[in-house]
Amino acid sequence: RVAELAPHGRQMAPYACQRRTPLLHSNQPLTEALETLAEEAGFSGSEGRSLAFTRAASVLKALPGRLGALEELGSLPGIGEHSRRVIQDVLEDGVCAEVERVKLSERYRTMKLFTKIFGVGVRTASRWYQEGLRTLLDLQERNTKLTRQQQAGLRHYGDLNTPVERSEAESTSRAVQEAVKRFLPGASVTLAGGFRRGKPRGHDVDLLLTHPEEGREVGLLSRVVSWLDSQGLILYQHSQENSYGLREGPEPLGGRDVMDRFERCFSIFRLEAQGGPGAPRGWKAVRVDLVVAPVSQFPFALLGWTGSRHFERELRRFASRERKMVLNSHALYDTRQNLFLPATSEEEIFQHLGLEYVPPAQRNA
Ligand code: GTP
Ligand code: MN
Ligand code: MN
């Protein structure tokens with residue numbers, strides 16, 4: 001059995017970035033249970049506990065087959081006592097009582113409802129919950145103070161919580177590509193995020209813009225966004241300027257969070273429906289992230305924006321703990337040699353880190 005769990009006689013590697021994690025795996029009921037608890041821990045502000053459940057789930061996703069018995073967990077890294085109990089319950093009864101309780105709890109359900117609003121994080125949702133708010137109607141009727149972003153999120157709540165299909169992501173990408181061509185021929189638009197990992201649907205469309213000549217990309221985004229806006233394609237947007245390189249030296253970029261400093265635009269597109277004449281309505285609101293990277297940083301941006309979130313977190317943790325390097329979406333810095341390690345492809349970044357290359361489809365950790 002152990003041989004089955006560890007193909008080629010190898011133990012499962014401790015970091016998710018050392019493993020291949022396909023989109024589809026054989027332990028869905030177990031990972032769903034663990035991820036529910038991870039989400040709930042996140043809602044309560046227990047980041048450490050949340051991460052522990054996420055890690056356990058991620059290990060199970062990398063198993064080549066179904067986990068049949070609890071004893072098989074012995075050879076796996078990063079599965080704590082609590083996760084073990086959850087796994088045992090699901091294996092024995094098909095469900096875990098604790099997870100079922102969480103899913104039914106008023107707090108979990110309300111937090112889920114609120115955090116699904118574009119622009120609402122755990123802190124805001126938690127405050128609203130404490131104030132006694134429970135429904136989207138409550139938010140409107142009690143005149144809760146909302147940012148412009150949250151207002152847009154609420155207005156398009158239904159659409160934005162309907163999965164984006166791959167065909168919709170591709171037509172979004174084409175629309176952006178056409179706009180980009182008008183202002184900067186030769187610039188490229190790359191679909192990143194979950195779609196690049198092979199997901200058939202997602203919660204948004206992540207697009208990376210660059211130009212093969214360093215510096216030519218400056219100013220592109222605002223022109224593209226203005227033009228798309230003038231064509232009636234944009235329902236909401238807020239942009240952020242590039243702030244990288246304003247300070248000297250490498251920055252870990254806030255450890256826990258993944259925010260980077262690229263010029264970018266968080267937006268909601270008005271996408272023409274592809275349903276044809278029978279479609280109930282002519283358009284659909286779709287969340288789109290546009291990010292501009294200078295070509296020298298593009299491989300780092302691509303690696304950083306392809307995800308999964310957990311895979312990225314593990315890459316950075318591996319870099320810092322095992323290699324004394326700082327990795328972010330802009331660069332890789334070696335603190336032992338005090339130098340930046342440039343790369344022209346994702347493969348080179350893995351090489352610098354001394355990691356076997358993991359293709360996007362295997363980064364679903
Ligand atoms: P869905 O969109 O839910 O289908 O999945 P996804 O994996 O595409 O998630 P998401 O769009 O939230 O993020 C895509 C990738 O971009 C993830 O790996 C994130 O870690 C990364 N990402 C998201 N926001 C930021 C950010 O502000 N900075 C950086 N560097 N990365 C980010
Ligand atoms: Mn995405
Ligand atoms: Mn995104």
Side-chain angles (χ1 to χ4, degrees), residues 16-17 21-23 35 38-39 42 51 54 57-58 61 112 115-122 149 153 159-170 172-173 176 189-210 221 236-244 250-269 285-294 297-317 319 326-332 346 349 358 360-365:
C17 56
T21 313
L23 187 59
E35 284 179 337
E39 192 178 28
L51 194 54
T54 300
S58 179
K61 288 179 190 175
K112 214 159 157 76
T115 53
K116 273 159 53 183
I117 303 171
F118 175 45
V120 176
V122 167
Q149 183 183 17
D159 275 1
L160 298 188
N161 287 293
T162 304
V164 181
E165 300 295 327
R166 174 170 289 277
S167 60
E168 296 171 327
E170 276 159 5
T172 303
S173 177
V176 173
V189 177
T190 306
L191 185 58
F195 287 109
R196 184 159 182 257
R197 302 196 308 275
K199 280 175 68 174
R201 48 192 72 85
H203 103 282
D204 69 353
V205 184
D206 304 290
L207 295 172
L208 247 54
L209 278 52
T210 193
L221 188 61
Y236 169 88
Q237 66 94 7
H238 75 268
S239 295
Q240 193 173 291
E241 281 176 28
N242 181 322
S243 59
Y244 187 71
E251 295 173 70
L253 291 174
R256 279 180 9 173
D257 219 320
V258 286
M259 292 307 278
D260 54 50
R261 294 160 175 277
F262 290 116
E263 183 182 5
R264 74 168 64 175
C265 175
F266 301 95
S267 67
I268 302 176
F269 274 38
V286 171
R287 270 273 300 116
V288 181
D289 285 334
L290 301 173
V291 183
V292 182
Q297 296 171 26
F298 182 77
F300 299 97
L302 183 61
L303 180 59
W305 278 83
T306 296
S308 68
R309 222 163 257 284
H310 186 59
F311 188 88
E312 302 299 331
R313 186 164 43 212
E314 290 279 280
L315 263 179
R316 293 191 301 267
R317 191 169 70 98
V326 182
L327 173 68
N328 58 40
S329 295
H330 298 276
L332 177 63
E346 286 182 318
I349 304 174
V358 180
Q362 303 293 332
R363 296 181 202 161
N364 290 289

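We count ligands from 1, going down the list as the structure has it; atoms in each ligand are counted the same way.
- For a threshold of 3.5 Å applied to N or O pairs, the pair formed by T306 and ligand 1 contains no separation below that value.
- Taking distance alone, with nitrogen or oxygen atoms compared against 3.5 Å, G307 approaches ligand 1 more closely than that limit.
- Those atoms of ligand 1 with a heavy atom of G304 less than 4.0 angstrom away are 16 (O), 18 (O), 21 (C), 31 (N).
- The shortest N or O to N or O distance between D206 and ligand 1 is under 3.5 Å.
- Using cut-offs of 30° and 60° on the angle between ring planes, the pair Y236 and F118 is perpendicular.
- Around the Mn ion (ligand 3), the protein contributes the following N, O or S atoms under 2.8 Å, ordered by chain and number: D204 OD2, D206 OD1, D289 OD2.
- Between the side chain of E168 and the backbone N or O of E165 there is at least one donor-acceptor pair closer than 3.5 Å.
- If you look at E312 next to ligand 1, the close heavy atoms, those under 4.0 Å, all belong to the side chain.
- Near H203, with a cut-off below 4.0 Å to any heavy atom, the atoms of ligand 1 are 1 (P), 2 (O), 3 (O), 4 (O), 11 (O), 12 (O).
- Side-chain N or O atoms of T210 include one that pairs as donor or acceptor with a backbone N or O of A293 at under 3.5 Å.
- On a distance-only criterion, R201 and ligand 1 share no N/O pair closer than 3.5 Å.
- Remark: E312 does not engage R309 in a salt bridge, criterion side-chain N to carboxylate O under 4.0 Å.
- Pairing each heavy atom of G307 with each of R363, the nearest pair is O-CB, 3.5 Å.
- Listed for the R316 side chain is no donor-acceptor partner under 3.5 Å among the backbone atoms of V326.
- Looking at D159, its side chain does come within 3.5 Å of a backbone N or O of A285 through a donor-acceptor pair.
- One finds the CD1 atom of I349 at 4.5 Å from the CZ atom of F300 (value rounded to the nearest 0.5 Å).
- Nearest to atom 16 (O) of ligand 1 by heavy-atom distance, out of F262, F195, F300, W305, is W305.
- For the pair G194 and ligand 1, the shortest N or O to N or O distance falls below 3.5 Å.
- Looking at D289 next to ligand 1, no N or O pair under 3.5 Å apart turns up.
- Counting atoms of ligand 1 from 1 in the listed order, those under 4.0 Å from a heavy atom of K199 are 1 (P), 3 (O), 4 (O), 5 (O).
- Remark: side-chain polar atoms of S58 are not paired, donor with acceptor, to backbone N or O of A365 under 3.5 angstrom.
- Of the options L209, L221, L208, a side chain to side chain contact (heavy atoms under 4.5 Å, CB included) to V291 is made by L208 and by none of the others.
- Residue contacts with ligand 1 for S308 involve N, CA, C or O but no side-chain atom from C-beta outward (heavy atoms, distance under 4.0 Å).
- Side chain of H330 to backbone of R261: a donor-acceptor contact under 3.5 angstrom is found.
- Looking at R264 against ligand 1, only its side chain comes within 4.0 Å, counting heavy atoms.
- Of the possible polar contacts, one joining the R197 side chain to the T306 backbone as a donor-acceptor pair under 3.5 Å is found.
- Proximity of R313 to ligand 1 is not established, as no heavy-atom distance is less than 4.0 Å.
- Listed by number with element, the atoms of ligand 1 under 4.0 Å from a non-hydrogen atom of G202 are 4 (O).
- Taking a cut-off of under 4.0 Å to the non-hydrogen atoms of R197, the atoms of ligand 1 that pass are 7 (O).
- Of all atoms in ligand 1, listed by their number and element, those nearer than 4.0 Å to a heavy atom of D204 are 2 (O), 11 (O).
- Note that the CZ atom of F298 and the CH2 atom of W305 stand 12.5 Å from one another [nearest 0.5 Å].
- Partners of A57 under the side-chain contact (heavy atoms from CB on, under 4.5 Å) rule, at least two apart in sequence or in another chain, are T31, L34, E35.
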